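Everything below concerns the one structure shown next.
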Amino acid sequence: MFKKSLVIMARALLAAWLVSSISACAKKTSASSTSTESAATATATSSMAAAPAKMTPSDFWQLMGKKLTYIQEGHQGPVVYDFTDTNCPFCHLLYAVEARLIREGKLTVRYVPVAIIKPSSMPEAAAILQADNPVAALQKAEDAIGKGMKTGQPAKLARATDAIGKASPKTIEAIKKIEANDVFLQEVDIDELPDIIYLPKKGKLGLITGLISEKKLTELLPQMQ
C-alpha cells in the first residue's frame, strides 16, 4: 500500500520528460549480494512512509535531501539529483555533460549512486561511496569509464568486498545507503538510468530520464532553483 501511495504522489509531483528510451539504461538485475538488503529496504521504506499524505514539490525535494545518500560536485548554480550506476554508459556521458557546467559554476550535481544494472554495480558503487574522498573516487571512476568507452575495453574499477561474511563494517554501511537509494527509485517507479530530478522555480518537479545534451540542459538552467 505504501508503494502505491508514493508512486501516485511522485507521479503527481514529477513532470516526466523522457529524453529517449534509446539513450537510457534499463534495470537488469538486483545487484546486491549481501545480507544487508532486507534491513536497508525496511529502513528506507519505513522512513519514507513517514512522509505526509499530501506533499508539495518543495516538500518532496526536502525529503529527497534527507533520505538519499549522494556525492555532491559543485557549489554554484541550480541543484539537481543525478541517479547513476557505474555500469550505465549513458550515465557516464551525462556526467561528462554536467562536468563542464559544474566547472563553469553553472550547476551543482548531487550524484546518487545506485546499483541496478549488473551485480558488479554494488561493489563498485560501495568502493566509491566509502572512499576517504568520495568526490575524487567518483571522478577517478568516471575517468576510467570514459577511457574504457573510447578503447572498447571494460573499465577496471575498484570494488569493495561485498560477499556475505566478508564485507567490512564500512562496506556494509555503504551498501545499506546504496540499497536505500535503490529503494527510492523502486518506490517512485523509475527503472531506467540516468535520471535527473530538479526543483523548478514554479510547477512540478522536473524528471529527465535518459541522456540530455549540454545545449538542452543549459537551456533548462534558468527554470531551475
Side-chain angles (χ1 to χ4, degrees), residues 7 10-28 57-58 60-61 64-65 68-118 121 124-125 128 135 138-139 141-150 155 178 181-182 184-225:
V7 168
R11 286 176 177 170
L13 295 174
L14 288 169
W17 177 12
L18 177 63
V19 177
S20 171
S21 59
I22 297 177
S23 59
C25 302
K27 178 179 179 181
K28 298 296 184 183
S58 181
F60 197 84
W61 183 260
M64 289 173 59
L68 295 173
T69 296
Y70 56 83
I71 300 168
Q72 181 170 312
E73 290 200 39
H75 299 280
Q76 294 177 288
V79 177
V80 302
Y81 286 89
D82 180 351
F83 294 81
T84 182
D85 186 305
T86 53
N87 283 291
C88 169
F90 296 110
C91 293
H92 168 72
L93 295 176
L94 179 58
Y95 181 91
V97 167
E98 294 165 333
R100 289 188 286 271
L101 296 176
I102 292 170
R103 287 195 298 269
E104 294 170 2
K106 297 179 180 179
L107 184 68
T108 295
V109 183
R110 294 176 174 176
Y111 290 100
V112 183
V114 296
I116 65 174
I117 303 297
K118 293 182 179 180
S121 296
E124 291 171 353
I128 294 170
V135 172
L138 176 62
Q139 292 172 344
E142 291 294 343
D143 182 61
I145 293 170
K147 290 179 180 178
M149 291 176 66
K150 289 180 180 179
I178 296 164
N181 290 344
D182 292 349
F184 178 86
L185 282 186
Q186 294 168 6
E187 298 296 356
V188 298
D189 204 26
I190 295 175
D191 59 4
E192 289 188 328
L193 296 172
D195 295 288
I196 290 177
I197 296 180
Y198 65 90
L199 181 65
K201 293 180 177 177
K202 59 181 180 180
K204 297 180 179 181
L205 290 176
L207 169 63
I208 303 172
T209 295
L211 179 62
I212 183 172
S213 68
E214 184 175 352
K215 180 176 182 296
K216 289 184 178 179
L217 184 55
T218 301
E219 290 172 351
L220 281 173
L221 295 181
Q223 303 175 29
M224 301 177 179
Q225 291 192 39

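Below, each value reflects all heavy atoms present in this structure, side chains not excepted, and no hydrogens, waters or symmetry copies. What you are looking at is a predicted structure, and each value in this text was computed from that prediction instead of being measured.
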Check whether any side-chain N or O of [X] sits under 3.5 Å from a backbone N or O of [Y] as a donor-acceptor pair, and report yes or no.
| X | Y | value |
| --- | --- | --- |
| Thr108 | Gln76 | yes |
| Asp195 | Leu207 | no |
| Lys118 | Thr86 | no |
| Asp182 | Ala115 | yes |

If I take atom [atom1] from residue [X] and atom [atom2] from residue [Y], how far apart are they, to the nearest 0.5 angstrom?
| X | Y | atom1 | atom2 | answer |
| --- | --- | --- | --- | --- |
| Asn181 | Thr69 | CG | OG1 | 5.0 Å |
| Leu199 | Lys204 | CG | NZ | 14.5 Å |
| Asp82 | Ile71 | CG | CD1 | 11.0 Å |
| Lys150 | Ile145 | NZ | CD1 | 13.0 Å |
| Ile128 | Thr84 | CD1 | OG1 | 8.0 Å |
| His75 | Leu107 | NE2 | CG | 12.5 Å |

Query raised in the report: Among Tyr70, Tyr81, Tyr95, which residue meets the ring-ring contact (aromatic ring centres under 6.0 Å, His included) test with Tyr111?
Result: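 In the set Tyr70, Tyr81, Tyr95, the residue that makes a ring-ring contact (aromatic ring centres under 6.0 Å, His included) with Tyr111 is Tyr95.
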
Can you give me the closest heavy-atom contact between [X] and [Y], atom names plus distance?
| X | Y | answer |
| --- | --- | --- |
| Met224 | Val80 | SD-CG1, 3.7 Å |
| Val135 | Gln72 | CG2-O, 3.5 Å |
| Ile212 | Leu217 | CD1-N, 3.8 Å |
| Ile117 | Asp85 | N-OD2, 3.0 Å |
| Cys91 | Leu193 | SG-CB, 3.8 Å |
| Phe90 | Leu211 | O-CD1, 4.0 Å |

Query raised in the report: Which residue, Gln223, Lys216, Lys215, forms the side chain to side chain donor-acceptor pair (under 3.5 Å) with Glu219?
Result: Lys215

Requested in this report: Could you please spell out the steps behind the side-chain contact (heavy atoms from CB on, under 4.5 Å) verdict for Ile196 and Glu98?
Outcome: CA-CA 11 Å; Ile196 290 177; Glu98 294 165 333; 3.5 Å; yes

Query raised in the report: With a 4.5 Å heavy-atom cut-off, do Tyr198 and Leu220 have their side chains touching?
Result: yes

Query raised in the report: Quick one: does Met149's side chain get under 4.5 Å of Leu93's, heavy atoms only?
Result: yes

Requested in this report: Scan Ile190, Ile197, Thr209 and name whichever one has a side chain to side chain contact (heavy atoms under 4.5 Å, CB included) with Phe83.
Outcome: Ile197

Requested in this report: Quick one: do Glu73 and Leu138 satisfy side-chain contact (heavy atoms from CB on, under 4.5 Å)? Show the steps, please.
Outcome: CA-CA 10 Å; Glu73 290 200 39; Leu138 176 62; 3.6 Å; yes

Query raised in the report: Is the shortest distance from a Lys or Arg side-chain nitrogen in Arg100 or Glu104 to a carboxylate oxygen in the other one below 4.0 Å?
Result: no

